[in-house]
There are 2 protein chains.
Amino acid sequence: MTESDTAPPTPPRRRRRKEARPGEIIDAGLAEFAENGFAATRLEDVARRAGIAKGTIYRYFASKEDLFEAALSSRLTPFFDDVTGMVDAFPGSTEDLVRAMLPRIYAALFEGGLHVMMRIIITEGGRFPAIAELYHRCVIARGREMISALVARGVRRGEVRESALTDLPMVIVAPAVMTIVWKMTFDRFDPVETERFLAAHVDLVLHGLLAKGPGPAVE
Amino acid sequence: MTESDTAPPTPPRRRRRKEARPGEIIDAGLAEFAENGFAATRLEDVARRAGIAKGTIYRYFASKEDLFEAALSSRLTPFFDDVTGMVDAFPGSTEDLVRAMLPRIYAALFEGGLHVMMRIIITEGGRFPAIAELYHRCVIARGREMISALVARGVRRGEVRESALTDLPMVIVAPAVMTIVWKMTFDRFDPVETERFLAAHVDLVLHGLLAKGPGPAVE
DNA sequence: CCTGTTAATGACTCGAAAGTCATTAACAGG
DNA sequence: CCTGTTAATGACTTTCGAGTCATTAACAGG
């Protein structure tokens with residue numbers, strides 16, 4: 001009240017923010033799509049979540065599907081860039097590398113927002129081949145290269161045995177995928193403790209990969 | 001033409017088959033739900049696939065959701081019954097048991113129709129808690145018991161080491177879950193060879209579980 | 001063959017959500 | 001302060017699919 005001369009007491013209901021809108025709409029859209037899936041999401045709800053009117057969405061996106069694709073494309077985070085570098089540059093043993101890398105992947109998934117993306121890809125990927133393909137090219141394929149690099153490096157150093165795993169390294173991250181699926185479906189009545197799950201994952205991978213077995217677990 | 005007196009030349013367009021209908025509708029419904037998800041499935045399409053009119057569906061099911069739940073409930077196959085028995089009755093080593101069991105699980109999934117069910121649970125489970133809970137109780141929980149039994153038996157026999165895996169045995173089937181997810185989303189442009197995947201899975205699990213490592217792979 | 005019962009049909013209703021557009025008002029530039 | 005541009009609005013139109021129901025015809029039993 002005392003400062004009603006500097007700031008307008010009633011800020012305008014409408015605001016023109018051409019730059020900020022698309023990003024806000026995408027944020028709201030991702031949240032709704034992750035929660036309800038593509039078909040069951042109402043643009044009315046997306047608009048409400050973004051604090052705008054439904055019509056405004058159509059100033060920036062031609063259709064619901066267009067928004068969906070734009071939203072997913074905008075989040076192809078270059079998460080794996082530095083992790084790939086990490087594999088090559090890593091000074092220590094394969095065991096140490098695994099013990100460093102899996103927690104990082106879990107953190108990106110469950111503390112960062114990546115699992116929201118994964119959830120959408122898993123539930124809708126089958127019905128949006130273009131998006132699945134994009135995601136495959138930008139994230140999955142690079143993740144696989146990273147794991148391949150890890151295995152190859154281990155074999156080179158004589159720490160990792162040759163096996164069926166050598167040419168199918170994706171199997172190594174399967175427990176993380178399972179965790180995502182579990183959280184999507186069963187978590188509310190049978191919750192997963194991510195840390196314990198991660199520990200079991202590390203344990204399985206180390207014993208499964210290493211030629212001589214890992215050292216004692218680090219606490 | 002020569003036998004046109006025994007069979008009616010023009011079979012009636014309508015046929016009254018009160019007994020057979022529900023099953024046929026469920027089959028058609030499952031296929032459509034697996035393909036499109038719940039929200040995007042049209043009952044018109046379910047009807048066409050079942051070779052009937054849309055109205056007929058409502059003679060047997062009260063609503064789309066009712067059909068969905070009936071369809072999923074009808075396929076809670078007691079697949080794990082005999083497999084659980086198999087664990088306890090198995091005469092051989094843990095290694096042989098794993099080598100027998102994982103292929104069976106994969107066969108049930110990918111040659112039997114179980115993966116269709118899994119696909120629906122994965123994509124829709126989050127939005128249908130009642131169904132997820134049912135499936136969890138009837139399939140997932142029993143699967144976990146089975147794996148637990150396998151691990152416990154192995155520990156008892158001195159073949160399996162104690163580890164973080166001992167109390168989180170689900171991690172052991174994670175590669176199978178990942179295979180389902182992969183087939184749902186990326187298979188069309190980067191197909192998985194199920195056999196090779198299974199081989200890598202067996203390899204990982206045996207090295208990950210056994211105290212002394214497995215014997216040479218059996219061809 | 002005739003006839004009553006009821007399974008099956010598909011045109012219809014109705015509601016919900018996608019997408020449109022004439023109107024409104026925020027802001028910039030004069 | 002005035003005014004033109006255009007971002008924003010929300011009531012409106014359109015589309016689409018779930019669910020209804022009066023009508024039709026398959027079959028059974030007489």
Side-chain angles (χ1 to χ4, degrees), chain A residues 5-71 124 127-128, chain B residues 5-33 35-72 124 127-128:
Chain A
D5 51 341
T6 62
T10 314
R13 291 90 202 279
R14 297 183 180 186
R15 257 174 302 178
R16 301 171 63 128
R17 302 187 307 120
K18 192 180 163 141
E19 319 304 327
R21 291 293 188 225
E24 294 172 5
I25 295 170
I26 281 176
D27 287 345
L30 276 178
E32 291 287 328
F33 288 134
E35 222 167 82
N36 313 117
F38 177 80
T41 289
R42 287 178 291 268
L43 287 188
E44 191 90 37
D45 292 342
V46 174
R48 187 174 315 123
R49 191 187 276 251
I52 58 174
K54 187 173 67 159
T56 306
I57 295 176
Y58 287 90
R59 294 204 65 74
Y60 299 98
F61 304 96
S63 66
K64 185 180 178 183
E65 198 165 324
D66 189 51
L67 168 60
F68 185 67
E69 294 180 6
E124 304 292 338
R127 265 157 268 150
F128 292 89
Chain B
D5 50 342
T6 61
T10 314
R13 289 94 199 278
R14 296 185 183 186
R15 257 175 301 178
R16 301 171 64 126
R17 302 188 304 120
K18 192 181 164 136
E19 317 304 326
R21 291 291 187 228
E24 294 172 4
I25 295 170
I26 281 177
D27 287 346
L30 277 178
E32 291 288 328
F33 287 134
E35 223 166 81
N36 314 116
F38 177 80
T41 288
R42 287 179 292 266
L43 288 188
E44 192 91 37
D45 292 343
V46 174
R48 188 175 314 123
R49 192 188 275 253
I52 58 174
K54 186 172 68 159
T56 307
I57 294 176
Y58 287 90
R59 295 204 66 74
Y60 299 99
F61 303 96
S63 67
K64 186 181 178 183
E65 200 165 324
D66 189 52
L67 168 61
F68 185 67
E69 294 179 6
L72 291 187
E124 304 292 338
R127 265 158 267 148
F128 292 89

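All heavy atoms count here, side chains included; hydrogens, waters and symmetry mates do not. Numbers restart at 1 for each chain; the letters A, B, ... are given by sequence-line order, proteins then strands.
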A:Tyr60: what forms a ring-ring contact (aromatic ring centres under 6.0 Å, His included) with it, not counting sequence neighbours? none
Going by the rule ring-ring contact (aromatic ring centres under 6.0 Å, His included), which residues pair with B:Phe61 if we only count those two or more places apart in sequence or in a different chain? none
Any chance you could measure [X], atom [atom1], to [Y], atom [atom2], to the nearest 0.5 Å?
X	Y	atom1	atom2	answer
B:Glu35	B:Glu32	CD	CD	5.5 Å
B:Leu67	B:Ile25	CG	CD1	7.5 Å
B:Ile57	B:Asp66	CD1	CG	11.5 Å

In chain order, what residues pass the salt bridge (charged side-chain N to carboxylate O under 4.0 Å, His left out) check against [X], with sequence neighbours excluded?
X	value
B:Glu24	B:Arg17, B:Arg21
A:Asp27	A:Arg75
B:Arg48	B:Asp45

Whenever both distances are under 3.5 Å in a Watson-Crick or G-U wobble pair, mark it; put DNA chain D into dot-bracket that way, with [ ] for crossing pairs and | when the partner is on another strand. ||||||||||||||||||||||||||||||
Provide the start and end nucleotides, 5' to 3', of the part of DNA chain D that has atoms under 4.0 Å from heavy atoms of chain B. D:dG17 to D:dC27
Within residues 17-37 of chain A: residues closer than 4.0 Å to DNA chain D (heavy atoms): A:Arg17, A:Lys18, A:Arg21
Nucleic acid contacts of residues 57-64 of chain A, taken as heavy-atom distances under 4.0 Å to DNA chain D: A:Arg59, A:Tyr60
Could you name each residue pair satisfying side-chain hydrogen bond (donor to acceptor under 3.5 Å, both in side chains) that touches residues 50-59 of chain A, not counting sequence neighbours? none
Can you pull out every ring-ring contact (aromatic ring centres under 6.0 Å, His included) where at least one residue sits in residues 25-46 of chain A? Sequence neighbours excluded, please. A:Phe33-A:Phe38, A:Phe33-A:Phe68, A:Phe38-A:Phe68, A:Phe38-A:Phe128
Minimum heavy-atom distance B:Val46-B:Ala28, with the two atoms named: O-CB, 3.6 Å
Under a 4.0 Å heavy-atom cut-off, which of residues 42-56 of chain B touch DNA chain C? B:Ile52, B:Ala53, B:Gly55, B:Thr56
